[in-house]
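Here's the structure, in structure tokens; my notes come after.
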Amino acid sequence: MLRRLWALLAALVLCWPGLGAASPGPRPSVVPLAGEPSRPPLLAYYYQWFSPGSWQRAKTDMPLAGPYSSDDTQVIDRQISEARSAGIDGFIVGWKHGTVNDRRLRKLIAAAESRNFKLAMIYQSLDFHRRPLPVDQVAADFRYYRDHFAGSPAMLRIAGRPLTVWSGTWRYSHEDVASVTSAVRGELRVLASEKNVDGYRRIADVTDGDAYYWSSVDPETTPGYDEKLQVMARAVHADHKIWLAPCAPGFDAQLVGGTKPVPRRDGATLAAEYAAALRSAPDAIGLISWNEFSENTHVEPSRDHGDRFLQVLRDLRGVPATAAYEESGNIPARPVARPDPTRGYWAFAGVAVPLLLVTPLAVRRLRAARSAAAEGRRTDPGRPVSRSPASTSPPSSPPDHAP
């Protein structure tokens with residue numbers, strides 16, 4: 001009996017959660033492109049065209065960190081930290097081939113690689129005056145991106161191919177789009193940026209889906225807004241292609257030619273647009289934007305808004321406020337429930353200690369019962385010893401000593 005009890009204790013030690021042999025902690029989670037329906041990946045449009053002098057042009061708000069340069073690696077580190085703290089999974093980086101843009105993209109890639117932060121690229125095919133770049137230049141730039149940047153592990157991949165968006169496809173013919181994408185679609189996913197179903201279908205056979213950049217919509221005053229997103233999503237998904245749904249916190253581009261601002265409503269506009277994007281069942285959500293200050297769609301902490309819109313995103317994404325970035329630049333991992341080893345020890349103690357205290361008493365009682373049975377057999381060999389609780393047989397003789 002005693003050996004059985006000690007064997008039971010040993011089994012508890014080996015099998016009780018949190019005790020016995022040490023086990024590795026949970027693996028870090030990786031956010032895939034196809035996330036849960038209630039929480040698809042969130043990718044913020046990110047612009048790297050800033051120098052200290054550019055903040056003097058067409059700006060009504062300023063970054064809380066001051067008039068930064070997109071070359072500043074400390075700025076890049078801070079931006080990734082802040083974005084992750086708000087549930088943003090990656091940046092869609094505005095780019096076209098050039099000395100400054102290439103240098104800045106390399107710095108961003110290096111920072112993203114070291115932090116497991118994802119990147120995609122949106123190709124800016126329209127110039128400052130919204131005129132389309134020559135199609136040969138567009139084709140050459142996509143090939144350059146494929147050859148020099150797409151191989152980075154920081155790039156968000158869909159079925160093995162890095163994700164890209166071509167901004168301005170509506171200004172190019174089907175033949176022009178095909179001439180660009182045919183050379184790179186074996187290595188890249190190229191999404192169009194069409195604004196309606198007809199536009200998407202016009203070039204659907206030579207692209208991999210659609211990323212609608214709708215920053216100027218007011219969800220409270222635009223009839224059919226919600227339905228339009230869902231109709232576009234159904235068209236794209238019917239072809240088994242990729243749908244990036246848009247959402248923005250507000251819009252005011254009056255200093256760069258816009259006419260009708262969309263108020264932020266202390267986060268209500270962002271919440272409404274995020275909900276509408278979710279209802280379109282997107283493969284990912286394109287947040288407009290991280291830092292487009294000229295159109296005032298930014299969520300980056302700013303002089304006028306503080307970090308209010310990172311707080312709104314945390315609520316929408318279910319990210320606790322304690323996950324906010326650290327001033328040191330260290331990025332906290334996504335919160336993962338980890339077992340508390342002390343709880344296992346206390347629970348084990350709650351079973352083991354009473355068992356240890358009761359064991360000697362049980363052993364002594366067992367020995368006493370055996371002695372009494374043996375004595376009974378000596379005094380009346382013909383009387384059977386009953387082991388049944390319901391037995392009506394007279395009790396055995398008392399033990400020789402008390403337990």
Side-chain angles (χ1 to χ4, degrees), residues 30-36 39-48 80 83-84 87-97 101-102 104-106 108-113 115-125 138-139 141-169 177 180-194 200 203-214 229 232-233 235-237 239-247 277 280-290:
V30 177
V31 182
L33 185 66
E36 298 177 7
R39 196 183 186 281
L42 181 64
L43 309 173
Y45 290 93
Y46 175 95
Y47 300 99
Q48 53 174 6
I80 292 176
R84 287 183 56 138
I88 295 171
D89 300 301
F91 289 150
I92 305 175
V93 186
W95 176 86
K96 58 187 170 186
H97 178 40
N101 281 338
D102 293 351
R104 290 173 174 175
L105 182 55
R106 289 190 187 95
L108 180 61
I109 288 173
E113 285 179 349
R115 290 158 174 77
N116 194 28
F117 191 69
K118 292 304 177 184
L119 301 176
M121 183 272 283
I122 179 168
Y123 183 76
Q124 306 288 333
S125 70
V138 177
D141 284 0
F142 266 96
R143 292 194 300 270
Y144 188 92
Y145 179 85
R146 176 198 62 192
D147 296 340
H148 293 84
F149 300 116
S152 166
M155 295 305 166
L156 179 64
R157 285 171 167 76
I158 304 171
R161 291 185 243 173
L163 178 66
T164 67
V165 179
W166 179 350
S167 176
T169 50
V177 174
V180 172
T181 62
S182 61
V184 296
R185 283 182 70 203
E187 295 83 22
L188 304 175
R189 299 283 181 183
V190 184
L191 273 58
S193 55
E194 296 296 316
Y200 160 71
I203 54 174
D205 62 326
V206 292
T207 56
D208 296 296
D210 200 71
Y212 187 9
Y213 194 101
W214 199 2
L229 294 185
M232 291 193 68
V236 174
H237 287 155
D239 294 334
H240 305 287
K241 295 189 176 183
I242 303 156
W243 165 241
L244 262 64
C247 72
S280 72
D283 299 290
I285 294 177
L287 172 63
I288 309 168
S289 63
W290 176 258

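Count residues from 1 along the sequence.
Atom CG in Asp208 sits 11.0 Å away from atom CG in Asp239 (nearest 0.5 Å). Separating the CG atom in Leu108 from the CG atom in Leu119 is a distance of 5.0 Å, to the nearest 0.5 Å. One distance of note links CZ of Phe91 with CG of Leu287; it measures 9.5 Å at 0.5 Å rounding. In this structure, Ile203 CD1 and Thr181 OG1 are separated by 8.5 Å, a value rounded to the nearest 0.5 Å. Atom CD1 of residue Ile122 and atom CG of residue Leu244 lie 9.5 Å apart, to the nearest 0.5 angstrom. We find the CG-CZ distance between Asn101 and Arg104 to be 7.5 Å, quoted to the nearest 0.5 Å.
Heavy atoms only, all atoms of each residue included: Pro162 and Arg157 are closest at N-CG, 3.8 Å. Residues Pro282 and Ala277 approach most closely at CD-O, 3.1 Å, considering heavy atoms. Pairing each heavy atom of Pro40 with each of Asp89, the nearest pair is O-OD2, 4.5 Å. Smallest separation of non-hydrogen atoms from Thr169 and Val177: O-CG2, 4.5 Å. The two residues Phe142 and Thr164 make their nearest non-hydrogen contact at CE2-OG1, 3.7 Å. The shortest non-hydrogen separation linking Ile80 to Ala112 is CD1-N, 3.9 Å.
At least one donor-acceptor pair under 3.5 Å links the side chain of Asp283 to the backbone N or O of Trp243. Here the side chain of Ser193 pairs a donor or acceptor atom with the backbone of Gly168 at under 3.5 angstrom. Side chain of Asp141 to backbone of Lys96: no donor-acceptor contact under 3.5 angstrom is found. Without hydrogens or angle criteria, Arg115 side chain to Arg84 main chain gives no donor-acceptor distance under 3.5 Å. Between the side chain of Gln48 and the backbone N or O of Val93, no donor-acceptor pair lies under 3.5 Å.
Note on ring orientation: taking the six-membered ring where Trp is involved, the planes of Tyr213 and Tyr45 are perpendicular (angle over 60°, cut-offs 30° and 60°).
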Task: side chain to side chain contact (heavy atoms under 4.5 Å, CB included) evaluation trace for Val190 with Arg185 - done: CA-CA 7 Å; Val190 184; Arg185 283 182 70 203; 4.3 Å; yes
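No side-chain heavy atom of Tyr123 sits under 4.5 Å from any side-chain heavy atom of Val165. The side-chain heavy atoms of Asp210 and Lys241, taken from C-beta on, include no pair separated by under 4.5 Å. Side-chain contact check for Met155 versus Ile109: some heavy-atom pair is nearer than 4.5 Å. In this structure, the side chains of Ser152 and Glu113 come closer than 4.5 Å at one or more pairs of heavy atoms. A heavy-atom distance below 4.5 Å is not found between the side chains of Trp290 and Ile92. In this structure, Val184 and Tyr145 have side chains that are not in contact, with every pair of non-hydrogen atoms separated by 4.5 Å or more.
Side chains of Trp166 and Thr207: a donor-acceptor N/O pair is absent below 3.5 angstrom, by distance only.
Here Arg161 pairs with Arg189 under the side-chain contact (heavy atoms from CB on, under 4.5 Å) rule; sequence neighbours left out. Residues forming a side-chain contact (heavy atoms from CB on, under 4.5 Å) with Asp102 (at least two apart in sequence, or on another chain): Trp95, His97, Arg106, Tyr144, Phe149.
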